[in-house]
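In what follows, a structure is listed as structure tokens, so that the remarks can point back to it.
Naming: A, B, ... by sequence-line order, numbering from 1 per chain.
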Amino acid sequence: MTRREKVNTMKQSRLGSWIALVIGTLYFVVPLVGTFEFSLRMRRGEYSLDAYRSVFADSNFQDSFLYSCGMALATIFIGVLIVVPTAYWVQLRLRKLRPVIEFITLLPLVIPAIVIVFGYLRLYNSSSMIPLTAEVWSTDLLLALSYVTLALPYMYRAVDTGLRAIDVRTLTEAAENLGAGWTTILFKVILPNVRSAILSGAFLTFAIVIGEFTMASLLNRPAFGPYLQLVGANRAYEPSALAVMAFVLTWACMGLINVFGRAKQTKHAG
Amino acid sequence: MAFLELKEVRKSFAQNVVVQNFDLAVERGEFVSFLGPSGCGKTTTLRMVAGFELPSSGSIKIEGKDITHLRPNQRNVGMVFQSYALFPNMTVAENVAFGLKVAKWQASEVGPRVEEMLNIIKLPHLATRYPYQLSGGQQQRVALARALAVKPQVLLLDEPLSALDAKIRISLREEIRSLQRKLGITTIYVTHDQEEALSMSDRVVVMNEGRVDQVGVPFEIYNQPKTRFVANFVGTLSVLNGRAVDGSRVEIAGQTVAIGRGLGNAAAGAECAIALRPEVATLEGFGGQGATMNSADRAERNRLTGAIDDVAFLGSVIRIKVRIGNDLLSLDTFNNPGVTPPERGTPATVSFSPADVLVLEGK
Amino acid sequence: MTQLNNNPAAPPGVARLQFMQAAWAWVGVAPFLVFALMFLILPTLYLIVGGFQDPDGNFTLQNLFDLFQPSIMSAYWISIKVSGASAIVGAAIGFGLAYAVVLGGLPGWIRPTLMTFSGVASNFAGLPLAFAFLATLGRTGLVTVLLVKFFDFNIYATGFNLLSFWGLTLTYLYFQIPLMVLILTPALDGLKREWREASEILGASAFQYWVHVAFPILWPSILGCTLLLFANAFGAIATAYALTGSSLNIITILLYAQIRGDVLHNPNLGYALALGMIFITGLTNGLYIWLRGRSERWLR
Ligand SMILES: Nc1ncnc2c1ncn2[C@@H]1O[C@H](COP(=O)(O)OP(=O)(O)OP(=O)(O)O)[C@@H](O)[C@H]1O
Ligand SMILES: [Mg+2]
């Protein structure tokens with residue numbers, strides 16, 4: 001094969017790559033453009049931001065959005081409290097437990113959310129021994145806990161990777177050597193070192209929780225997901241405005257994850 | 001005509017010239033090593049012979065046939081990689097058979113050939129194992145068998161032993177060399193380990209910043225380095241700086257040294273440097289080679305006096321550093337249970353034959 | 001020397017300290033275990049057990065037999081079809097993209113960009129995704145309108161309907177493709193350049209390399225990732241619910257309706273429905289884990 005031919009085949013394979021990339025990009029971008037365009041159509045004959053105005057003016061929007069934000073924060077808080085000590089102890093002393101714990105954290109990927117919440121409704125309904133759905137506050141708690149299960153695989157993996165990277169054992173032993181108590185170890189040594197891992201997990205959790213529909217709807221809580229469903233069923237242009245906003249929100253979460261992930265890497269390199 | 005010929009080969013990546021003016025002729029059945037520091041272009045040159053890189057200019061010929069622009073799979077060349085590169089989805093036997101199958105060997109011939117190759121590398125019992133079940137040394141031997149099974153015209157090895165631990169490295173080194181002799185296959189061996197290059201090769205190519213500095217048999221490379229770089233890179237060398245007295249003498253720290261090979265055309269008073277291998281110098285009054293020499297030889301020898309700077313006991317050999325003026329001269333003497341090594345700081349006289357003095361050109 | 005190496009029996013104080021530390025460790029993981037038991041394992045077990053019981057709590061297989069009635073079977077079947085189609089097509093396109101970006105010789109900046117995009121798109125699911133596709137490919141969506149305007153081509157005249165099997169599949173692809181890109185890229189990274197070079201210098205063509213080396217190495221990953229995509233789509237509900245209401249009766253929507261209003265008139269049949277879902281996702285995930293172990297063994 002001559003030199004020119006070789007160059008040509010290189011170009012051909014690269015052309016294929018470009019085609020694949022262009023198709024992929026179109027598939028990704030076109031629905032976004034379509035949605036955005038649609039959201040501007042509310043006023044007849046011209047583009048306007050009326051759909052967005054209408055969404056923001058809706059008090060249900062504000063209430064449900066704030067409710068879901070609160071839920072997300074609660075989920076993150078509970079999730080961190082449950083996941084961090086577990087990942088820490090598993091790595092430090094209970095290595096034998098690791099396969100079991102990892103299996104459990106992967107279960108939410110296996111059991112569909114709707115099945116989990118179905119189980120809750122049977123197990124914790126108002127006529128059961130633990131009537132969590134009887135009161136509003138306890139239902140909210142149940143919802144937050146259900147979100148913790150949803151986020152568990154991602155949260156655990158993020159924290160576990162973070163802990164692995166810092167060699168927990170040595171850090172703990174060094175701290176113990178210097179006479180630190182376990183609260184000091186946890187709050188002054190371990191947490192700061194896995195902060196970026198936790199933050200990554202937290203933003204991902206936020207992205208999952210904010211628009212979640214199944215659990216909130218079946219537990220009958222006024223979250224953002226059921227609100228979206230309601231709007232989708234009854235309005236024409238507001239849903240696409242909401243979709244655009246949801247997309248921006250997802251983008252922001254992922255961007256923040258990237259930022260923190262990267263900050264961590266550079267810190268390690270430096 | 002040489003079996004494998006590289007002519008005026010040059011390679012640049014973008015603006016960066018990595019190999020240039022590379023000329024080499026390898027005879028059939030010869031074992032040639034490329035030796036040089038990291039990044040000097042050894043791998044790049046080897047990959048041009050394999051066909052993975054296209055030379056920016058120049059030509060490569062095997063048996064007179066120009067292969068410069070042939071694809072790797074159209075050249076009859078075998079290669080062994082530093083990272084073994086065994087196919088992880090195939091057993092040892094399947095790995096060795098791969099090249100044969102691709103070359104459309106008869107099924108009835110593939111089996112015996114694979115068996116033969118596994119016998120040669122002494123691993124017939126591992127035929128059905130997968131690469132992840134083998135040690136590094138075993139994997140590299142399988143890789144060697146895989147490369148040789150298709151009877152290539154040229155065998156290329158890119159630092160095949162550098163991922164292995166020291167013991168296996170030495171035994172496998174000998175194994176590769178004896179196998180190469182047995183099969184009579186023309187071989188290029190890339191390494192940055194000088195001991196490897198010197199002990200295995202028929203000839204060594206010392207490379208520096210993309211250029212060939214010297215080509216020669218190991219004895220030449222070591223004893224008659226052509227450039228300062230080669231002298232420094234191969235073996236240990238003590239460099240003494242001084243000034244030329246005339247065409248065959250140099251003044252060093254106020255003492256005169258005769259030089260067997262002469263100084264070339266250095267003007268009197270010009271700065272110049274001489275170099276000595278540690279094994280050619282003797283500490284007067286401390287055993288070593290000088291003790292067994294006859295008196296005529298002794299009279300011929302250069303003498304430099306200084307003070308002992310350091311004594312390192314290495315077992316069978318003692319390496320002594322003597323300070324002469326501003327420079328340190330290293331010398332090796334064999335251990336002698338009856339003689340205690342000298343103390344640091346004691347005055348000492350070093351002697352060496354004028355014939356053993358190297359004169360360094362270039363920086 | 002030997003004495004130093006021999007670890008003498010720990011003095012009693014040290015033993016007690018070790019015991020205390022182990023005890024603390026168990027206290028540390030206890031909240032997690034209690035949580036997992038109460039909110040993950042027991043609820044699931046409750047349904048699984050319930051699937052084998054009649055309303056009076058006696059053991060029966062009747063619920064499982066009842067799953068084979070046409071309305072339930074067709075719901076499972078549509079779910080499997082949608083998940084399967086979106087997984088297979090998503091895997092194929094995702095593979096193409098991942099290949100292009102890892103091995104296709106594209107400029108360096110493209111890869112991180114695609115990865116970030118994929119991270120976002122694979123998380124852009126649920127209701128907003130349904131809204132986006134309605135606004136794009138619905139009857140008055142941008143693409144539909146533009147196709148009519150410029151090419152005089154009405155996709156709805158061809159029998160296409162977003163609120164159908166293909167519509168749902170097309171929508172699911174929006175998160176399936178990027179998910180495939182995300183999880184397959186590491187596997188493609190694991191293909192060493194030396195394997196290609198070794199096969200090439202042994203005389204193999206690019207095609208032979210793919211058939212004998214690259215594909216055999218990759219297929220466990222590709223198949224495993226496809227299974228993961230399947231499970232990912234199988235448990236989804238929000239997108240389908242918003243898109244098709246209850247016109248496309250996939251299994252999650254049927255279960256949703258059952259939970260809200262006992263449409264099957266038999267709670268235990270509902271448990272069996274859930275049991276069937278766990279069985280399917282469990283099977284796909286089990287296969288996935290097995291395949292991943294296989295390919296990791298090779299790529300170590
Ligand atoms: N594909 C490439 N693109 C750009 N530069 C390259 C490429 N391959 C090699 N180089 C550069 O060419 C020079 C020589 O590289 P080469 O790999 O041949 O060195 P080497 O002698 O084999 O070194 P080592 O002992 O470390 O393996 C290096 O500076 C390297 O950075
Ligand atoms: Mg190299």
Side-chain angles (χ1 to χ4, degrees), chain A residues 10 13-14 16-18 20-21 24 27-28 30-35 37-39 82 85-86 88-90 92-94 97 104 107-116 118-123 145-146 149 207 211-214 218 225 228-229 232 239-240 242-243 246-247 250-251 254 258, chain C residues 21-22 24-25 28-29 31-32 35-36 39-40 42-44 46-47 50 93 96-97 99-101 104-106 110 116-117 119-121 123-124 126-128 130-136 141-143 173-174 177 231 234-235 237-238 241-242 252 255-256 259-260 270 274 277-278 281-282 285:
Chain A
M10 285 280 285
S13 70
R14 222 169 270 180
S17 306
W18 278 112
L21 197 71
Y27 200 84
F28 182 78
V30 167
L32 296 181
V33 176
T35 312
E37 193 266 356
F38 201 85
S39 71
I82 289 177
T86 309
Y88 172 70
W89 284 116
V90 164
L92 195 65
R93 303 229 187 274
L94 301 173
L97 217 56
I104 292 175
L107 276 181
L109 296 180
V110 180
I111 310 166
I114 188 168
V115 171
I116 295 178
F118 189 16
Y120 291 173
L121 288 170
R122 295 295 138 192
L123 217 50
L145 288 169
S146 76
T149 66
E212 202 283 335
F213 167 71
T214 319
L218 286 173
L228 286 175
Q229 197 272 328
S240 33
L242 284 165
F247 183 80
T250 314
W251 188 262
M254 296 301 133
N258 259 8
Chain C
Q21 283 175 339
W24 270 116
V29 295
F32 174 84
F35 165 80
F39 297 101
L40 206 48
L42 281 184
T44 313
Y46 185 91
L47 297 182
I93 301 178
L97 271 176
Y99 178 90
V101 91
L106 296 176
I110 289 186
T116 313
F117 272 111
V120 176
N123 278 296
F124 187 63
L127 298 153
F131 299 161
F133 268 74
L134 280 170
T136 308
L142 181 67
V143 170
L173 281 179
Y174 196 81
I177 294 172
F234 191 80
I237 170 168
Y241 190 67
T252 35
L255 185 58
Y256 183 81
I259 297 171
R260 299 223 87 162
M277 290 184 65
I278 297 173
T281 52
N285 275 282

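- Contact check for A:Leu228 versus C:Pro128: side-chain heavy atoms found under the 4.5 Å cut-off.
- In this structure, chain A has no heavy atom under 4.5 Å from any part of C:Phe234.
- Here the side chains of C:Tyr241 and C:Leu127 are not in contact, with every heavy-atom distance at 4.5 Å or above.
- With a 4.5 Å cut-off on non-hydrogen atoms, A:Gln229 touches chain C through its backbone and its side chain both.
- Per-residue counts of heavy-atom pairs under 4.5 Å with chain C were compared for A:Phe28, A:Phe213, A:Tyr88; the largest is that of A:Phe28.
- Chosen from C:Pro31, C:Gly270, C:Gly50, the residue pairing most often with chain A at heavy-atom distances under 4.5 Å is C:Gly270.
- Two residues are said to be in side-chain contact when any heavy atoms from C-beta on lie closer than 4.5 Å; A:Phe38 and C:Leu142 fail this criterion.
- Counting heavy-atom pairs closer than 4.5 Å to chain C, the top-ranked of the candidates A:Pro85, A:Pro112, A:Pro239 is A:Pro239.
- With a threshold of 4.5 angstrom between heavy atoms, A:Leu97 approaches chain C through side-chain atoms but not through N, CA, C or O.
- Of the listed residues (A:Pro31, A:Ser39, A:Gly211), the one with the most heavy-atom contacts under 4.5 Å to chain C is A:Pro31.
- At least one side-chain heavy atom of A:Tyr120 sits less than 4.5 Å from a side-chain heavy atom of A:Thr149.
- A distance of 5.0 Å separates CG in A:Leu218 from OH in C:Tyr256, rounded to the nearest 0.5 Å.
- Residue contact with chain A, scored on non-hydrogen atoms closer than 4.5 Å, involves the backbone and the side chain of C:Tyr174 alike.
- The nearest pair of heavy atoms linking C:Phe124 to C:Ala132 is CE2-CB, 4.4 Å.
- Both the backbone and the side chain of A:Ile114 come within contact range of chain C, with heavy atoms under 4.5 Å apart.
- The shortest distance between side-chain heavy atoms of A:Ile104 and C:Phe32 falls below 4.5 Å.
- Distance alone, capped at 3.5 Å, is enough to place a donor-acceptor pair between the C:Thr281 side chain and the A:Val110 backbone.
- Heavy-atom distances place no part of A:Ala207 under 4.5 Å from chain C, backbone and side chain included.
- Rounding to the nearest 0.5 Å places OG of A:Ser17 at 10.0 Å from CG of C:Leu97.
- Looking at C:Ile110, the atoms closer than 4.5 Å to chain A (heavy atoms on both sides) all sit in the side chain, from C-beta outward.
- When all heavy atoms of C:Leu47 and C:Ala274 are compared, the pair lying nearest together is CD1-CB, 3.9 Å.
- Distance check: C:Leu134 CG to A:Thr35 OG1 gives 9.5 Å after rounding to the nearest 0.5 Å.
- For A:Leu21, the parts sitting under 4.5 Å from any heavy atom of chain C are the backbone and the side chain alike.
- Contact count versus chain C (heavy atoms, under 4.5 Å) is highest, among A:Leu94, A:Ile111, A:Ile116, A:Leu242, for A:Leu94.
- Both the backbone and the side chain of C:Asn123 come within contact range of chain A, each with at least one heavy atom under 4.5 Å from a heavy atom of that chain.
- Among C:Ala242, C:Gly96, C:Ala100, C:Gly282, the residue making the largest number of heavy-atom pairs under 4.5 Å with chain A is C:Ala100.
- With a threshold of 4.5 angstrom between heavy atoms, C:Tyr46 approaches chain A through side-chain atoms but not through N, CA, C or O.
- For C:Ala238, the parts sitting under 4.5 Å from any heavy atom of chain A are the backbone and the side chain alike.
- For C:Ile93, no part sits under 4.5 Å from any heavy atom of chain A, backbone or side chain.
- Residues C:Leu106 and A:Trp18 have side chains in contact (heavy-atom distance under 4.5 Å, counting atoms from C-beta outward).
- In this structure, chain A has heavy atoms under 4.5 Å from both the backbone and the side chain of C:Thr252.
- Heavy-atom distances place both the backbone and the side chain of A:Leu145 under 4.5 Å from chain C.
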